[in-house]
Amino acid sequence: MTRLTKRILVLIAGWSFILLGIVGVFVPILQGVLFLLVGLIILSSEYVWAHHLLSKIRERFPKLGRTADQATEKATAWLRRISGQPKAD
């Protein structure tokens, strides 16, 4: 997978979760805050503003920050398995 393709896929996934989160704030069936958080985690690898916003959320809500860190580790491991990259120690 080329670097540009990976970046495009990350941006599409991140913005899709952000849009789902915005819709989820108004529709009671979707978990809006959860989708917004997942979108921020994905976009934080590409955008500085998303990284800073995620850092502020982690400072304000430490338990949510720990949960986000665990989710990030799982997502990274999952992406490595899919792309066939060796585990980084």
Pairs under 3.5 angstrom only: tabulate donor-acceptor contacts from the side chains of residues 31-52 to other protein residues two or more places apart or in another chain.
{"unit_1": "Ser44", "atom_1": "OG", "unit_2": "Ile41", "atom_2": "O", "d": "2.8"}
{"unit_1": "Ser45", "atom_1": "OG", "unit_2": "Ile42", "atom_2": "O", "d": "3.0"}
{"unit_1": "Glu46", "atom_1": "OE1", "unit_2": "Arg7", "atom_2": "NE", "d": "2.7"}

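- Residues Leu20 and Val10 share a single hydrophobic cluster, defined by chaining ILVMFWY side chains whose heavy atoms lie under 4.5 Å apart.
- Cluster annotation: Leu11 is not connected to Phe17 through the hydrophobic network of ILVMFWY side chains, with a link wherever side-chain heavy atoms come within less than 4.5 Å.
- Between Val23 and Leu19 the shortest side-chain heavy-atom distance does not fall below 4.5 Å.
- When hydrophobic clusters are built by joining Ile, Leu, Val, Met, Phe, Trp and Tyr residues whose side-chain heavy atoms come closer than 4.5 Å, directly or via intermediates, Val25 is not grouped with Ile29.
- Leu53 and Leu64 fall within the same hydrophobic cluster, where Ile, Leu, Val, Met, Phe, Trp and Tyr residues are linked whenever their side-chain heavy atoms come under 4.5 Å apart, directly or through other members.
- Hydrophobic clustering of Ile, Leu, Val, Met, Phe, Trp and Tyr side chains at less than 4.5 Å, counting indirect connections, keeps Leu9 apart from Trp15.
- Legend: residues meeting salt bridge (Lys or Arg N to Asp or Glu O under 4.0 Å) with Arg58, ordered by chain and number and at least two apart, are Asp69.
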